[in-house]
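Here's the structure, in structure tokens; my notes come after.
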Amino acid sequence: MVREILIWPDPILKQKARPVAKVDDKVRALVKDMFETMYAAEGVGLAAPQVGVLQRIIVLDTRPQQPDSKPLAMINPEFVALEGETTYTEGCLSIPGEAEDVDRAAFATVRYLDEDGQEQTLRCDGLLAIAVQHETDHLDGTVFVDHVSSLKRGLIRKRMLKHKASRDQGTPASA
């Protein structure tokens with residue numbers, strides 16, 4: 001089921017997500033919905049808070065830019081190591097039409113539970129390293145515009161409020 005993606009500055013996006021106590025069928029159903037929602041929006045990552053669920057779950061699929069990667073669901077992800085530095089122009093499904101340069105670690109090693117509740121550790125690079133950091137930020141109530149200047153953030157906030165209002169009224173943002 002495709003779920004509605006919250007638009008920043010929705011207050012839910014500023015809240016910290018709770019750890020998942022047990023990976024069960026309810027969690028797996030949410031993961032399935034999150035993948036469907038992410039693909040419908042043509043994204044490469046999505047965090048549960050973006051669909052209004054304050055649980056520490058992210059889904060990622062960077063195959064469009066990293067063909068050797070595979071779709072991943074990470075439950076209770078935590079960084080084991082962050083290495084190097086890179087700057088990447090990021091966008092966000094909760095901040096449609098906007099993109100800004102964000103400084104991130106070039107490599108990220110993440111420990112998480114998979115959909116079977118098994119602990120995994122993965123070293124990520126390229127877009128996957130960026131995406132896992134971006135989506136994990138969502139779990140802590142941070143969006144990518146929190147990494148840019150307050151002036152840029154204020155301008156983007158105004159555009160998102162207008163976008164959200166037009167979406168809620170069912171009219172195009174440019175109308």
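All values below were derived from every heavy atom in this structure, side-chain atoms included, with hydrogens, water molecules and symmetry-related copies excluded. For the single chain, residues carry numbers from 1 onward in sequence order. Just so it is clear, the structure is predicted and the values come from calculations on it, not from any experiment.
- Its side chain outside the 4.5 Å cluster rule for every partner, Leu161 clusters with none of the Ile, Leu, Val, Met, Phe, Trp and Tyr residues.
- Scanning for side chain to side chain contact (heavy atoms under 4.5 Å, CB included) contacts around Asp125 gives Gln66, Phe107, with sequence neighbours left out.
- Using a 30° and 60° split on the angle between ring planes, Phe35 and Tyr39 fall in the parallel class, below 30°.
- Note on residues 26-41: pairs passing salt bridge (charged side-chain N to carboxylate O under 4.0 Å, His left out), not counting sequence neighbours, are Arg3-Asp33, Asp25-Arg28, Lys32-Glu36.
- Scanning both residues, Leu139 and Ala47, for their nearest heavy atoms gives CD2-CB, 4.1 Å.
- A donor-acceptor pair under 3.5 Å links the side-chain atoms of Asp114 to the main chain of Asp116, judged by distance alone.
- When all heavy atoms of Ala105 and Gln133 are compared, the pair lying nearest together is O-NE2, 2.9 Å.
- Shortest non-hydrogen contact noted between Arg153 and Val148 is NH1-O, 2.8 Å.
- Ion pairing of Arg104 with Glu85 is absent here, as no side-chain N (NZ or NE/NH1/NH2) approaches a carboxylate O to less than 4.0 Å.
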Verdict with reasoning, Lys14 to Asp146, per salt bridge (Lys or Arg N to Asp or Glu O under 4.0 Å):
CA-CA 10 Å; Lys14 295 304 293 174; Asp146 291 328; 2.9 Å; yes
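- Cys92 and His138 make their closest contact through SG-NE2, 3.4 Å (heavy atoms, listed as atom of the first residue, atom of the second, distance).
- The two residues Ala129 and Ala106 make their nearest non-hydrogen contact at CB-O, 3.5 Å.
- Side-chain polar atoms of His147 and Asp101 form no donor-acceptor pair below 3.5 angstrom.
- Scanning both residues, Tyr88 and Gln65, for their nearest heavy atoms gives OH-OE1, 3.3 Å.
- Ion pairing between Glu98 and Lys152 fails under the 4.0 Å rule for side-chain N and carboxylate O.
- In the hydrophobic clustering of this structure, Ile58 does not group with Leu13; members are Ile, Leu, Val, Met, Phe, Trp, Tyr whose side-chain heavy atoms approach within less than 4.5 Å, directly or through other members.
- Within the model, atoms CG of Leu6 and CD1 of Ile95 stand 11.5 Å from one another, a figure rounded to the nearest 0.5 Å.
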